[in-house]
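Here is the structure we will look at, set down as structure tokens.
We use all heavy atoms of the structure for the numbers below, so side chains are in, but hydrogens, waters and symmetry mates are not. Source: prediction; values computed, not measured.
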Amino acid sequence: MALPRGGEKSTELLNAQAHVWNHIFNFINSMSLKCAVQLGILDIIHKHGKPMTLAELVEALPMNKAKAQSIPRLMHILIHLGFFMKAKISKGEEETGYWITPASRLLLKDEPLSVAPFLVAMLDPVLIESWHHLSAWFENENSTPFDTAHERMLWEHAGQEPRLNFYIYK
């Protein structure tokens, strides 16, 4: 198929490229959310009880403070995904801070319906590795992509891998 030429066709090509690029970089969304859960951003803001400024959030985070300039980028992604929102710190003030959304409540550590352990488990390198072997799995005789990646079944591997066993139990 030749690439389209002309004004309308150029728009079609641009939209197609945007679609492909969105899928190429879609992993950034999941990994950003995993990072927020692991750093405890959701719980820190929730326990604060009101929207937090960037400075307050950076101060509260268990992180290398020299990397603080990257937190606004992370939060921008998470706002775009609907896990945080910008909200006024208090009535009558113009200053805004980060606040949680209904979706982010499902990732709070103490929330009874929390899916945070499941999120961290599904994005663990041991499980992600299976996806890197998906095409090889279609070509071989193994019963699962996990078996292709690790040369044993998930339950067998979990018996040998305490972290994976913990995630499955949790």
So which heavy atom on [X] is nearest to which on [Y], and how close?
X      : Y      : value
Gly82  : Ala103 : O-CB, 4.1 Å
Ile89  : Lys50  : O-CD, 4.2 Å
Ser114 : Pro117 : OG-CD, 3.9 Å
Ser130 : Ala149 : CA-CB, 3.9 Å

Does the side chain of [X] reach to within under 4.5 Å of the side chain of [Y], using non-hydrogen atoms?
X      : Y     : value
Leu107 : Leu33 : yes
Lys88  : Glu95 : no
Leu57  : Ile44 : yes
Phe84  : Ile45 : yes
Val37  : Ser32 : no
Pro72  : Leu54 : yes

List the steps and the verdict of ring-ring contact (aromatic ring centres under 6.0 Å, His included) for His19 and His23. CA-CA 7 Å; His19 181 77; His23 284 283; 4.6 Å; yes
[atom1]/[X] to [atom2]/[Y] distance, rounded to the nearest 0.5 angstrom?
X      : Y      : atom1 : atom2 : result
Glu156 : Glu161 : CD    : CD    : 13.0 Å
Arg105 : Leu113 : CZ    : CG    : 12.0 Å
Asn15  : Ser10  : CG    : OG    : 11.0 Å
Ile79  : His76  : CD1   : NE2   : 7.5 Å
Gln69  : Lys67  : CD    : NZ    : 9.5 Å
Glu111 : Ser104 : CD    : OG    : 10.0 Å

Considering only NZ, NE, NH1 and NH2 on the basic side and carboxylate oxygens on the acidic side, decide whether Asp147 and Arg152 come within less than 4.0 Å.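 Arg152 and Asp147: not salt-bridged.
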Consider only side-chain heavy atoms of I, L, V, M, F, W and Y, link residues closer than 4.5 Å, and tell whether Leu14 and Ile24 are in one cluster.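 No, it is not one cluster - the side chains of Leu14 and Ile24 are not joined through contacts under 4.5 Å.
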Spell out, yes or no, whether Leu123 and Val120 are grouped together once hydrophobic residues are joined by side-chain heavy atoms under 4.5 Å, including indirect joins.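 Hydrophobic grouping puts Leu123 with Val120.
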Got a sec: does the [atom1] of [X] have more than 12 other heavy atoms crowding it under 6.0 Å?
X      : atom1 : value
Lys86  : NZ    : yes
Glu129 : CD    : yes
Glu151 : CD    : no
Glu141 : CD    : no

Glu139: which residues meet the salt bridge (charged side-chain N to carboxylate O under 4.0 Å, His left out) condition with it, sequence neighbours left out?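 Partners of Glu139 under the salt bridge (charged side-chain N to carboxylate O under 4.0 Å, His left out) test: none.
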Decide yes or no on side chain to side chain contact (heavy atoms under 4.5 Å, CB included) for Tyr98 and Ile41, but give the supporting numbers first. CA-CA 10 Å; Tyr98 300 109; Ile41 294 174; over 6 Å; no
When you measure from the side chain of [X] to the backbone N and O of [Y], does any donor-acceptor pair fall under 3.5 Å?
X      : Y      : value
His150 : Val126 : yes
Lys34  : Leu119 : no
Lys65  : Val58  : yes
Asp43  : Leu108 : no
Asn142 : Thr144 : no
Glu56  : Thr53  : yes

Specify whether Phe27 and Phe25 have parallel, tilted or perpendicular ring planes, treating 30° as the upper limit for parallel and 60° as the lower limit for perpendicular.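 Correct class here is tilted.
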Is the ring pair His157/Phe146 parallel, tilted or perpendicular, if the boundaries are 30 and 60 degrees?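 If you compare the ring of His157 with that of Phe146, the planes turn out perpendicular.
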Leu134: hydrophobic cluster co-members (side-chain, 4.5 Å):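 Listed partners: Trp131, Trp137, Phe138.
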Please name all residues satisfying side chain to side chain contact (heavy atoms under 4.5 Å, CB included) with Ala16, sequence neighbours left out, ordered by chain then number.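 Ala16: no side chain to side chain contact (heavy atoms under 4.5 Å, CB included) contacts found.
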If you apply the rule side chain to side chain contact (heavy atoms under 4.5 Å, CB included), what do you find for Met153 with Ser143, and how did you get there? CA-CA 9 Å; Met153 298 304 290; Ser143 59; 3.5 Å; yes
For Leu78 and Leu74, run side chain to side chain contact (heavy atoms under 4.5 Å, CB included): C-alpha distance rounded to whole Å, both residues' side-chain angles, the deciding distance at 0.1 Å, then the answer. CA-CA 6 Å; Leu78 296 167; Leu74 175 64; 3.9 Å; yes
